[in-house]
Asks: 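Shown below is the structure under consideration.
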Amino acid sequence: QVQLVESGGGLVQPGGSLRLSCAASGSIFSFYVMGWYRQAPGKQRELVASITGSGFVNSGDSVKGRFTLSRDDAKNTVYLQMNSLTPEDTAVYYCNSISRVDYIISWGQGTQVTVSS
């Protein structure tokens, strides 16, 4: 099974920034797509941003212009740079992947992001 380990969550003031990391147990080239989802209390889990093996990035409307997804191939890691954070961004953020070979879906354990003054 693929292991995805998230880090970088925490408490930040409105207008601040955080960078989340997702380290995969295998090469990122083994995945058709990797990305980030988030879920706030009482709300459905939603796509934040995703990136394909070819480098195509897709993101949700609520974060466009504020969040940036990138990857470091040598470290088998994807990053989510979050800027101009608001309390509405408070949620548990989950890393996600789909295997290129057998389309197995994997999830990380999640990391809490809290935006509050």
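In this chain, residues are counted from 1 in sequence order.
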Asks: Decide if atom NZ of K43 counts as having more than 12 heavy atoms of other residues, nucleotides or ligands within a radius under 6.0 Å.
Replies: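 At most 12 heavy atoms, drawn from other residues, nucleotides or ligands, come within 6.0 Å of this atom.
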
Asks: Short question: side chain of T77, backbone of A23 - any donor-acceptor pair under 3.5 Å?
Replies: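 Checking the backbone N and O of A23 against the side chain of T77, no donor-acceptor pair under 3.5 Å is found.
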
Asks: Would you confirm whether the ring centroid of Y37 sits within less than 6.0 angstrom of the ring centroid of W107?
Replies: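 When the ring centroids of W107 and Y37 are compared, they turn out to be within the sub-6.0 Å range.
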
Asks: Count I, L, V, M, F, W, Y as connected when their side-chain heavy atoms are under 4.5 Å apart, and connections chain through other members. Are I105 and Y94 then in the same cluster?
Replies: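 As far as the 4.5 Å side-chain criterion goes, Y94 and I105 are connected within one cluster.
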
Asks: Verify, without hydrogens or angle tests, whether R71 (side chain) and G53 (backbone) share a donor-acceptor contact under 3.5 angstrom.
Replies: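 Yes, the answer is positive, given that a donor and an acceptor are paired below the 3.5 Å cut-off.
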
Asks: Can you tell which of T111, L47, D89 makes a side chain to side chain contact (heavy atoms under 4.5 Å, CB included) with R38?
Replies: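 Exactly one pass, corresponding to D89.
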
Asks: Is the closest side-chain donor-acceptor distance between S54 and T52 under 3.5 Å?
Replies: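 There is such a pair between these side chains.
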
Asks: Decide side chain to side chain contact (heavy atoms under 4.5 Å, CB included) for L80 and V48; before the verdict, give the C-alpha distance in whole Å, the side-chain angles of both, and the deciding distance to 0.1 Å.
Replies: CA-CA 9 Å; L80 183 67; V48 178; 3.9 Å; yes

Asks: Whether the side chain of R45 engages the backbone of Q39 through a donor-acceptor N/O pair (distance < 3.5 Å, no angle test) should be reported.
Replies: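 Side chain of R45 to backbone of Q39, a donor-acceptor pair under 3.5 Å: no, none is there.
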
Asks: Are the side chain of E6 and the backbone N or O of C95 linked by a donor-acceptor pair below 3.5 Å?
Replies: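 Yes, the answer is positive, given that a donor and an acceptor are paired below the 3.5 Å cut-off.
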
Asks: Output the distance between atom OG (S25) and atom CG (L4), rounded to the nearest 0.5 Å.
Replies: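 Separation between the atoms: 7.0 Å.
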
Asks: Kindly compute the distance separating OG (S62) from CD (E46), expressed to the nearest 0.5 Å.
Replies: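 Answer for the OG-CD pair, S62 versus E46, is 4.5 Å.
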
Asks: Mark yes or no for whether T90, through its side chain, and V115, through its backbone, hold a donor-acceptor pair below 3.5 Å.
Replies: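 Yes, the answer is positive, given that a donor and an acceptor are paired below the 3.5 Å cut-off.
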
Asks: Drop me the distance from N83's CG to T68's OG1, to the nearest 0.5 angstrom.
Replies: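 The CG atom of N83 sits 6.5 Å away from the OG1 atom of T68.
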
